[in-house]
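Here's the structure, in structure tokens; my notes come after.
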Amino acid sequence: MNPIDWEWFDGPTAYRVYQRDETGCADIALKLKAKTGRGESGTITCALLPEPSRPGDTERTMQLHRDGEIHQGTFEKVPAGNYKLVVIAEGAAGFSTTISHVAVGDLYLLAGQSNMEGVGKLIDPERPSRAVRCFYLDDRWGVAKDPLCWFNEAVDAVHWRAPRERRADEAKMDRYFRRFGAGLGIRFGKEMYKYNGVPVGLIMCAHGGTSMKQWEPPAGAKRELPSESSMTSDSFYGSMMRRLAATGGRVKAVLWYQGESDAADRAQAAAFKKRFLRFVAALRADIGQPSLPILYAQLNTWLGDAAAFPHWNDIQLDQALVEAEIPGSALVSTNDLSLADAIHLDTSSLKRLGRRFAVLARGFCFGDETCARGPRPIDCRFADADRTKLYVAFEQVNGRLMPGKQIQGFQVANGDENVPIAECRRDKRDGSVVVLTFARPVPRRSVLGYGLGLNPVCNLRDSADLAAPVFRYPLD
């Protein structure tokens, strides 16, 4: 777009993605005020052409309606795909401007804290694709390329990592010296594009170190999408809502990864589940999507001092319960993935997690019946009277459980004592059942756990690489 052509322009920009509706189409509206002497009083015509163009493609054209100094119009029911917009002002002082890579597709909101932000080393990050775009924190659309978060360049001050007077200099230093920032978003977007061939837009709103309290919607006042995309916000929820308004106000799903900060404090941990439920209800209500899919990650493992995050398992177990309380939500487990440090997933694991989110999105956003949500415990039974062989049945398994033997991550506790497990393997007759064999009988009132503790070794997953979540199951 040529900045000399108009005083202001509201509409398609290069690499913007418009969320398609239930019919697979979107309206693309534009409004502009031409500069004096640059066609402000003439006729302005717009053409929307498929990109790349092919023989037989249909070109959509319209003449903008003039209301005083403002010219505006809407391309209605534009099918999913990539387009080029050509704006032509007729007359001697007219102009011609082309905006490429405008897309109709699916938007996904990415929010939470650092593991959603992406802090993997920038060594072999996911390669960019023009099919996957990002609405960066500076409200600029572009091809999604890690890092997706540049906090000191953000429009909203809540994201700034430096004081206002030093922010510009710090932003330049970030560009020179940034070494971390690989995330899961690009792999997720590429997997979705591979699935349905529809362009993907990522709306990045995550911020490392944030607690669930910091994401709470404002209390008391009526919450709604801002009417002006130029508004700024001083809260994470407010910033998210403003950015949603700036991108059209609707998304295909939310991807969420958060909870580490809440595990450090008893009061925060106790309020975590209630706050998350309230956050989801507010978000769905405020954007008018009561069935918006919520896809969220369960905390991974913590390799540091247990005293730093004493409520880590409490958060994980609450996250496992949320699925049943939020229709249209699904948990993705991370407990078998590798870490780059004590708390953050490494680059290869973030790519793998992006693929796992895509499996859930296929099922929850597009009704793909071949995509179950991943192994969930449904029943535990002892096969013998002396209680030395336990069958653990799972539902929502894609294919079968893996590996076939030497499954790790289970424990059985009776009070403060763990009952030794002699063998843990997949049942030879049923691929959705795990068999635990014990060297001695399991006492009554014991509890089966999977993935408990701060640094467990877990490896149970299914054929779609969806891992079993951290859970606790009482044994009779």
Side-chain angles (χ1 to χ4, degrees), residues 263 269 273 298-303 306 309-325 330-337 372-476:
K273 187 175 134 186
Q298 188 181 45
L299 292 190
N300 52 308
T301 56
W302 162 244
L303 301 184
F309 292 103
H311 303 284
W312 196 270
N313 288 158
D314 296 332
I315 297 294
Q316 290 173 315
L317 293 172
D318 274 350
Q319 289 172 329
L321 296 174
V322 164
E323 281 184 318
E325 300 189 38
L331 173 150
V332 57
S333 179
T334 66
N335 56 43
D336 62 330
L337 300 178
R373 69 175 68 201
R376 301 293 190 267
I378 188 174
D379 190 26
C380 293
R381 297 177 184 272
F382 285 99
D384 51 354
D386 61 0
R387 298 169 65 89
T388 60
K389 184 168 287 189
L390 178 67
Y391 285 78
V392 183
F394 289 82
E395 61 179 351
Q396 296 291 323
V397 177
N398 294 280
R400 62 179 183 173
L401 295 172
M402 302 171 65
K405 55 185 178 179
Q406 297 183 344
I407 296 172
Q408 301 182 72
F410 285 95
Q411 65 179 27
V412 172
N414 184 257
D416 295 331
E417 181 184 4
N418 282 342
V419 182
I421 299 173
E423 184 185 38
C424 186
R425 61 178 299 145
R426 183 181 65 224
D427 184 40
K428 295 179 181 178
R429 296 167 297 178
D430 189 338
S432 62
V433 173
V434 172
V435 183
L436 284 74
T437 303
F438 303 89
R440 58 182 173 82
V442 176
R444 298 280 179 180
R445 298 177 182 172
S446 295
V447 176
L448 172 71
Y450 180 78
L452 296 174
L454 295 181
N455 185 22
V457 176
C458 300
N459 65 350
L460 184 61
R461 62 192 189 282
D462 65 17
S463 300
D465 193 43
L466 294 182
V470 176
F471 67 86
R472 183 180 285 142
Y473 203 104
L475 302 176
D476 294 333

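Scope of the values below: all heavy atoms of this structure, side chains included, with no hydrogens, waters or symmetry mates.
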Item checked: More than 12 heavy atoms from other groups under 6.0 Å of CZ on Arg381 -> no
Notebook entry, point to check: Are Arg373 and Leu466 close enough that some pair of their side-chain heavy atoms sits under 4.5 Å apart?
Noted result: no
Checklist line | Any side-chain heavy-atom pair of Asp476 and Phe382 under 4.5 Å | finding: no
Checklist line | Side chain Gln319, main chain Leu299, donor-acceptor under 3.5 Å | finding: yes
Item checked: CG-CG distance between Leu475 and Asn414, expressed to the nearest 0.5 angstrom -> 10.0 Å
Notebook entry, point to check: Is there side-chain contact between Pro469 and Arg376, with heavy atoms separated by less than 4.5 Å?
Noted result: yes
Checklist line | Arg429 to Tyr391 - nearest heavy-atom pair and separation | finding: NH2-OH, 4.0 Å
Check: Would you call the rings of Phe394 and Phe410 parallel, tilted or perpendicular, where under 30° means parallel and over 60° means perpendicular?
Finding: perpendicular
Next item on the list: Of all the heavy-atom pairs spanning Ala464 and Asn398, show the shortest one and how long it is.
Entry: CB-CB, 3.6 Å
Checklist line | Contact check, side chains of Pro456 and Asn335, non-hydrogen atoms, under 4.5 Å | finding: no
Item checked: Side-chain (Gln316) to main-chain (Asn300) donor-acceptor, under 3.5 angstrom -> yes
Notebook entry, point to check: Between Pro443 and Val419, which heavy-atom pair has the shortest distance, and what is it?
Noted result: CD-CG2, 3.9 Å
Margin query: Do Leu390 and Val442 have side chains that approach each other closer than 4.5 Å (heavy atoms only, starting at C-beta)?
Written below: no
Item checked: CZ/Arg425: more than 12 non-hydrogen atoms of other groups inside 6.0 Å -> yes
Margin query: Could you tell me if the side chain of Leu460 sits less than 4.5 Å from the side chain of Ile407, heavy atoms only?
Written below: yes
Check: Hey, what do you get for CD (Gln406) to CZ (Arg426), rounding to the nearest 0.5 Å?
Finding: 13.0 Å
Notebook entry, point to check: Would you say the side-chain atoms of Gln298 pair up with the backbone N or O of Val470, donor to acceptor, closer than 3.5 Å?
Noted result: yes
Notebook entry, point to check: Would one find more than 12 heavy atoms of other residues, nucleotides or ligands at under 6.0 Å from atom CZ of Arg387?
Noted result: yes
Checklist line | Smallest separation among heavy atoms of Gly451 and Asn313, with atom names | finding: O-ND2, 4.3 Å
Notebook entry, point to check: For Val434 and Cys424, what are the C-alpha separation, side-chain angles and deciding distance, and is it a side chain to side chain contact (heavy atoms under 4.5 Å, CB included)?
Noted result: CA-CA 7 Å; Val434 172; Cys424 186; 3.6 Å; yes
Next item on the list: Please tell me if the side chains of Thr388 and Thr437 come closer than 4.5 Å, counting only heavy atoms from C-beta onward.
Entry: no
Next item on the list: Compare every heavy atom of Gln408 with every heavy atom of Tyr450, then report the nearest pair and how far apart it is.
Entry: CE1-O, 3.4 Å
Next item on the list: Kindly compute the distance separating CH2 (Trp302) from CZ (Phe309), expressed to the nearest 0.5 Å.
Entry: 5.0 Å
Next item on the list: Would you mind reporting whether Val392 and Leu436 have side-chain heavy atoms less than 4.5 Å apart?
Entry: yes
Next item on the list: Indicate the atoms forming the closest heavy-atom contact of Ala467 with Asp336, along with that distance.
Entry: CB-OD1, 3.5 Å
Check: Are the side chain of Asn459 and the backbone N or O of Gly409 linked by a donor-acceptor pair below 3.5 Å?
Finding: no
